[in-house]
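Position 1 is the first residue of the sequence, and the numbers go up from there.
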Amino acid sequence: MSGFLAGLCVAVLPLLAAGFWLGRRTARPENLGGLGTPVEHATFETLHTASLAAPPLRAGLTGETARKSARRLRTLLGTDALCLTDQDTVLAWDGLGEHHRTEIMERLGSPLETGRGEAFRLKCDEPDCSLRWAVVAPLTVDDRVHGALVACAPRESAVLVRAAGEVARWVSVQLELADLDQSRTRLIEAEIKALRAQISPHFIFNSLAVIASFVRTDPERARELLLEFADFTRYSFRRHGDFTTLADELHAIDHYLALVRARFGDRLSVTLQIAPEVLPVALPFLCLQPLVENAVKHGLEGKTDKSHISITVQDAGAEALVVIEDNGTGMDPDRLRRILAGEVSPSGGIGLSNVDDRLRQVYGDEYGLVIETAVGAGMKITARLPKYQPGVHSAGPLPRE
């Protein structure tokens, strides 16, 4: 995909440069609203129109998105009529001559099959219809034809053929970006499902066993723990968006730790230091809980003395800084590297590679986990969360059922 976009930029930039050079060569003294020469003014109008047509197309090729973008695309081409089709039907028509819908679909067989554009004469008995030619430019994504852009005009024009092809290629890029957005969404959903699958069955069974042990000796304590368990599992398996808030994630962690402390008693102590001003910050769902679960596992595994876990969330200007530290068994740094790289089973680090991958996908590679550890030296995990990131918005409070 990056190679494709790079190739597209290589193809488009010379055209813009040529237009700018031509504008300088043909400059006239009058000033058009501060936009310079007529060619520079036309270039601005073209880019502005393209920017208005792009957002609907980023949702894919549907009747609604085609209808919203068709008029902008017709403005780009300056043609009398334009339609967008999928493989089976005309999705949207803008301009004159809508009665040509059926004829155009009948002529699209070859372009949709081969992916090559063509132009043909329109047959029309309507005396008031000025459309005589149609130019077909297929819309392709990953070498698969999704539909076509059809421009209709009163006369044959080589310029229209070339322009329609360029606009169709631009539309195809938007559709490819839409495909990538959908693939990213499916990937995030799959990763959340995988993360949920990693929630240890032993934790669930042990939690229920602890709750059962209090039923006779301390029914009120059993009731409280059962509510903690219900709230934790309800949050972990919710279907309410890809993002949550620090407040909600920390609340779920509190439920989790209440169940862990009920089982291990004085063997585990936890210190929390939370800056209240960062609680509304949005972050990927189930992003911090696996890190705390990892700290519990390594803090208690193979130890008979007390274990301590520290959870700190600080305001760091444009970011929220989350630090989770334990005094447990730690891990060999080379093994940790291989876990994060996906080279070995993550059984030694619950969800670490999953969380690291998701943070990098959402915020960029510079926002991966920073982990300091050594055998017998505990583990310190640092996560940086931007307070604002385009597309990262919490779906709001979890709805009550």
Check step by step if side chain to side chain contact (heavy atoms under 4.5 Å, CB included) holds for Leu359 and Leu283.
CA-CA 9 Å; Leu359 288 175; Leu283 73 161; over 6 Å; no

Could you pull out every donor-acceptor pair under 3.5 Å between side chains of residues 123-141 and any protein atom, sequence neighbours left out?
residue: Arg132; atom: NH1; partner: Cys129; partner atom: O; Å: 3.0
residue: Arg132; atom: NH2; partner: Cys129; partner atom: O; Å: 3.3

Return the [atom1] to [atom2] distance between [X] and [Y], rounded to the nearest 0.5 Å.
X	Y	atom1	atom2	result
Ile311	Ile309	CD1	CD1	6.5 Å
Arg337	Met331	CZ	CE	13.0 Å
Leu272	Thr312	CG	OG1	8.0 Å
Glu224	Arg221	CD	CZ	6.0 Å
Asp231	Leu259	CG	CG	10.0 Å
Ile324	Ile253	CD1	CD1	6.0 Å

A side-chain contact here means heavy atoms from C-beta on lying under 4.5 Å apart; do Cys83 and Val90 qualify?
yes

Is there a side-chain contact between Tyr363 and Leu385 (heavy atoms, below 4.5 Å)?
yes

Just jot down the side chain to side chain donor-acceptor pair (under 3.5 Å) partners of [X], sequence neighbours excluded, or say none.
X	result
Asp332	none
Thr65	Thr62
Glu98	Arg101
Glu372	none

Side chain to side chain contact (heavy atoms under 4.5 Å, CB included) between Val278 and Val313: does it pass, once the steps are laid out?
CA-CA 8 Å; Val278 298; Val313 184; 3.5 Å; yes

For residues 149-157, dump all side-chain donor-acceptor pairs below 3.5 Å to protein atoms at least two apart in sequence or in another chain.
residue: Ser157; atom: OG; partner: Val159; partner atom: N; Å: 3.3
residue: Ser157; atom: OG; partner: Leu160; partner atom: N; Å: 3.2

Could I get the full list of salt bridge (charged side-chain N to carboxylate O under 4.0 Å, His left out) partners for [X], not counting sequence neighbours?
X	result
Lys68	Glu64
Arg261	none
Arg360	Asp356

With sequence neighbours left out, what residues match Phe214 under ring pair (Phe, Tyr, Trp, His ring centres under 6.0 Å)?
none

For His146, which residues count as a ring pair (Phe, Tyr, Trp, His ring centres under 6.0 Å) partner, sequence neighbours excluded?
none

Can any side-chain N or O of [X] pair as donor or acceptor with the backbone N or O of [Y] at less than 3.5 Å?
X	Y	result
Asp315	Gly317	yes
Lys306	Ser269	no
Glu249	Cys287	yes
Arg384	Glu366	yes

Apply side chain to side chain contact (heavy atoms under 4.5 Å, CB included) to the pair Ile381 and Val370, showing each step before the final yes or no.
CA-CA 6 Å; Ile381 303 176; Val370 176; over 6 Å; no

Compare every heavy atom of [Y] with every heavy atom of [X], then report the nearest pair and how far apart it is.
X	Y	value
Arg74	Asp80	NH1-O, 3.4 Å
Gly378	Thr373	O-OG1, 2.8 Å
Ala66	Leu91	CB-CB, 3.7 Å
Leu122	His100	CB-CE1, 4.1 Å
Asp94	Arg71	OD1-NE, 3.3 Å
Ala320	Lys387	N-CG, 4.4 Å

Please lay out, stage by stage, how Leu352 and Leu291 fare under the test side chain to side chain contact (heavy atoms under 4.5 Å, CB included).
CA-CA 7 Å; Leu352 289 182; Leu291 306 183; 3.6 Å; yes

Looking only at the aromatic ring of each residue, does the gap between the centers of Phe243 and Phe285 stay below 6.0 angstrom?
no

Aromatic plane relationship, Phe232 with Tyr256 - under 30° parallel, 30 to 60° tilted, over 60° perpendicular
tilted

Has Asp266 got more than 12 heavy atoms of other residues, nucleotides or ligands less than 6.0 Å from its CG?
no

Check residues 104-119 and write down every donor-acceptor pair under 3.5 Å in which the side-chain atom is one partner and the other belongs to a residue at least two apart or another chain.
residue: Thr114; atom: OG1; partner: Ser110; partner atom: O; Å: 2.9
residue: Thr114; atom: OG1; partner: Arg116; partner atom: N; Å: 3.3

